[in-house]
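Here's the structure we're looking at; comments come further down.
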Protein chains: 2
Amino acid sequence: MISKKMKYAIKALCYLGEHSQSQMVVKTQDISNYKKIPKKFLEQILLELKKAKIVNSKQGNEGGYYLLKNTKDINLADIYRIFEGPIALIACASENFYQPCEDCIDESNCKLKKSIKTVRNETLESMKKITIFSLQ
Amino acid sequence: MISKKMKYAIKALCYLGEHSQSQMVVKTQDISNYKKIPKKFLEQILLELKKAKIVNSKQGNEGGYYLLKNTKDINLADIYRIFEGPIALIACASENFYQPCEDCIDESNCKLKKSIKTVRNETLESMKKITIFSLQ
DNA sequence: ACTTATTCTATAGAGTTAATAGAGTTTGTG
DNA sequence: CACAAACTCTATTAACTCTATAGAATAAGT
């Protein structure tokens, strides 16, 4: 299950996809109003998306946020990694967040790791097909 | 990412699959020793597996646990649902733990729900292929 | 200078996770 | 029939995460 944070992020990105033309920014307040997301919480979410180079911002009066990528190039796997972490069910099977298990004796022969890796790869392919464009 | 609880459960089930013959029970203490699982925590896990009718137990002296199913008939999706809940990333896309979104206006036309349902179905198929038998 | 926006850091309450503890119940055995 | 050894059940705890709020700092257009 994804967090409210990630669900808010998806909604915010959809709103940006629909309203931020090139060189046109959208205010946090607008996203908050139309997508019913607590404004202060949304600010944190947008900052994380900015750190991940999915969006960028313009400061000051008449500032706001805009997408850095085409909506077809932002997929569910990207967003999941930002807000939820690894797609793999166990860290040892992750490509982007790899960590060995504490108690693992022979990782290269671990059947659980191999299996979880397969699930990960298939879930990843599913997730990649879902883009902000496809959600609009 | 799965919890330690679920990982312990998988290990315990593997141990039971290898050591519990028909009408032969395995002591919690043995599983705890060989799989390095805190005994008291393991007891809770086994009780949950019993409630889910994956294992059964025999009380008293010379008691213990044994599998109720063939190891080929216990898959990762079953275990995931017991310990982590829905496989779907959002409850409205879940079959076994369905719950509507609080703020949803038109669920039947929600593109996010449709997409998450697809991811769920594909992940479910991946998970079903992983059984306790295949992990031994 | 003023207004209005983003940026950054802190905090708080609720809930979850991982683990421990202990009393209660069941059953085989001497 | 008492004892030992196992499962059963409930409670508690510390650490952590999630959700949300708050406020001061910074930036930029008018």
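Note that this is a predicted model, so its numbers are computed, not measured. Proteins come first, then strands; the chains are lettered A, B, ... in the order of their sequence lines, and each starts at number 1.
- Look at CD on Glu48(A): it is 16 Å from P on dT6(C), rounded to the nearest Å.
- In terms of position along DNA chain D, the nucleotide closest to Leu42(A) lies nearer the 5' end than the nucleotide closest to the other residue of the pair Leu42(A) and Gln59(A).
- Proximity of Lys5(A) to the phosphate of dC18(D): no side-chain N or O atom is located under 4.0 Å from OP1 or OP2.
- Between Tyr15(A) and Tyr34(A), the two ring planes are parallel [angle under 30°; tilted spans 30° to 60°].
- For Glu43(B) and dA21(C), the CD to P distance is 12 Å, given to the nearest whole Å.
- Taking atom NZ on Lys4(B) and atom C1' on dC16(D), their separation rounds to 13 Å, with Å as the unit.
- Put simply, NZ on Lys51(B) is 13 Å from P on dT8(D), counting in whole angstrom units.
- Lys39(B) has no side-chain polar atom (N or O) that falls below the 4.0 Å cut-off from OP1 or OP2 of dA19(C).
- Distance, Ile37(B) CD1 to dA19(C) P: 10 Å, rounded to whole Å.
- Between the P atom of dT7(C) and the CD atom of Gln29(A) lies a distance of 15 Å, rounded to the nearest Å.
- For Phe41(B), counting side-chain heavy atoms from C-beta on, the closest listed nucleotide (dT7(C), dA6(D), dA19(C)) is dA19(C).
- Between the P atom of dC18(D) and the CE atom of Met1(B) lies a distance of 12 Å, rounded to the nearest Å.
- Relative to the side chain of Lys50(A), the nucleotides dT21(D), dA6(D), dT7(C) differ in distance, and dT7(C) lies closest.
- Glu84(B) and Ser3(B) share a donor-acceptor pair across their side chains, judged by distance under 3.5 Å alone.
- Atom NZ of Lys39(B) sits in a crowded spot, with more than 12 heavy atoms from other residues, nucleotides or ligands closer than 6.0 Å.
- At a cut-off of 3.5 Å, with distance as the only test, no side-chain donor of Glu125(B) or Asn121(B) sits close to an acceptor on the other residue.
- Considering only side-chain N and O atoms, Ser3(A) lies nowhere under 4.0 angstrom from the phosphate OP1 or OP2 of dT17(D).
- Along DNA chain C, the nucleotide nearest to Phe83(B) and the one nearest to Lys58(B) differ in position, and the one closer to the 5' end is contacted by Phe83(B).
- The backbone N or O of Ile130(B) lies less than 3.5 Å from no partner atom in the side chain of Ser134(B), so there is not a single donor-acceptor pair.
- Distance, Leu47(A) CG to dA5(C) C1': 12 Å, rounded to whole Å.
- One can find a donor-acceptor pair under 3.5 Å joining the base of dG22(C) and the side-chain atoms of Lys40(B).
- Here Gly63(B) lies in heavy-atom contact (under 4.0 Å) with sugar-phosphate atoms only.
- In this structure, Tyr8(A) does not reach the dT19(D) phosphate: none of its side-chain N or O atoms is under 4.0 Å from OP1 or OP2.
- Lys51(B) and Glu48(B) are not joined by a salt bridge, as no carboxylate oxygen comes within less than 4.0 angstrom of a charged side-chain nitrogen.
- The side chain of Tyr65(A) contributes an N or O atom lying less than 4.0 Å from OP1 or OP2 of dT7(C).
- Closest to the Thr28(B) side chain, of the nucleotides dA18(C), dC7(D), dT21(D), is dC7(D).
- Scanning atom types as modelled, one donor and one acceptor separated by under 3.5 angstrom connect the side chain of Gln44(B) and the base of dT20(C).
- Checked against dA20(D), dA18(C), dG29(D), the side chain of Asn61(A) finds its nearest nucleotide in dG29(D).
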